[in-house]
Amino acid sequence: AQSVTQLDSQVPVFEEAPVELRCNYSSSVSVYLFWYVQYPNQGLQLLLKYLSGSTLVKGINGFEAEFNKSQTSFHLRKPSVHISDTAEYFCAVSDRDNYGQNFVFGPGTRLSVLP
Amino acid sequence: NAGVTQTPKFRVLKTGQSMTLLCAQDMNHEYMYWYRQDPGMGLRLIHYSVGEGTTAKGEVPDGYNVSRLKKQNFLLGLESAAPSQTSVYFCASSSQGGRTDTQYFGPGTRLTVL
């Protein structure tokens, strides 16, 4: 079965510094990859997704992620973070066309942006 | 357009009590899902529905039941609550349920079972 690893459970970073949140997934023939963000006391919302084509995917709020098939990774980056980026970030993988059971979520990375 | 809403936002139960969580969506989505979120474990799928009148089991269905009598509503029931069911519950919906489809999440229900 597919699995998703987010190596960092917590990432503190100062405002305006760059950040990278790591995501690795177990190998599969073909995968679709997603990053969701959960702001405090809210539900998850989609940041970006990789379906095909360019391996560099741009999302909302200045985030981008790069799909690396050989390293089975989909790391999320932002060149300059803001206080408002403080949230929990979830990587998710879809590798089966089995309705309703498509997504496997990682355990999440809590990003704390410090002033 | 409210998106996905969940009722209630918070609930405290005693072991053995029952309750129902309500999820409603106004996007005319076919697919709806119930997840639970536990620290360090991400989201795990409890049950899902591919359309009105249908339900199916997800990864962790034991102790829960669901119903989808109307397309816009998806109910999650706990017949006899246990402390292991203390969690944050999220409802989500998607248009087509495929591998590439975006899921839209509600704000969550925080349930504590004493």
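Numbers restart at 1 for each chain; the letters A, B, ... are given by sequence-line order, proteins then strands. Only a predicted model underlies this, so the values are computations on that prediction, with no experimental measurement involved.
The interface of residues 44-60 of chain A with chain B, defined by heavy-atom distances below 4.5 Å, comprises A:Leu44, A:Leu46, A:Lys49, A:Leu51.
Alongside B:Phe10, the hydrophobic cluster contains no other residue (criterion: ILVMFWY side chains under 4.5 Å). Alongside B:Leu114, the hydrophobic cluster contains B:Val12 (criterion: ILVMFWY side chains under 4.5 Å).
Residue contact with chain A, scored on non-hydrogen atoms closer than 4.5 Å, is absent for B:Gln6. In this structure, no portion of A:Gln6 lies under 4.5 Å from any heavy atom of chain B.
Transitive grouping of hydrophobic side chains (ILVMFWY, heavy atoms separated by less than 4.5 Å) brings A:Leu21 and A:Val13 into a common cluster. No path of Ile, Leu, Val, Met, Phe, Trp and Tyr side chains, each step under 4.5 Å between heavy atoms, connects B:Phe105 with B:Leu76, placing them in separate hydrophobic clusters. In terms of hydrophobic clustering, with Ile, Leu, Val, Met, Phe, Trp and Tyr side chains grouped at heavy-atom distances under 4.5 Å, B:Met19 and B:Val60 are assigned to a common cluster. Placement of A:Val31 and A:Leu76 within a single hydrophobic cluster is found when ILVMFWY residues are connected by side-chain heavy-atom separations under 4.5 Å, directly or transitively. Put simply, B:Leu45 and B:Tyr64 are part of two different groups of oily side chains (I, L, V, M, F, W, Y) that touch within less than 4.5 Å, one to the next.
Contact record, B:Gly40 with A:Pro107: O-CB, 3.3 Å, taken as the closest heavy-atom pair. Taking every heavy atom of both residues into account, B:Phe90 and A:Gln38 meet most closely at CZ-NE2, 2.9 Å. Looking at every heavy atom in both residues, B:Gln103 comes nearest to A:Tyr36 through N-OH, 3.1 Å.
For B:Asp38, the salt bridge (Lys or Arg N to Asp or Glu O under 4.0 Å) criterion is met by B:Arg36, B:Arg44, not counting sequence neighbours.
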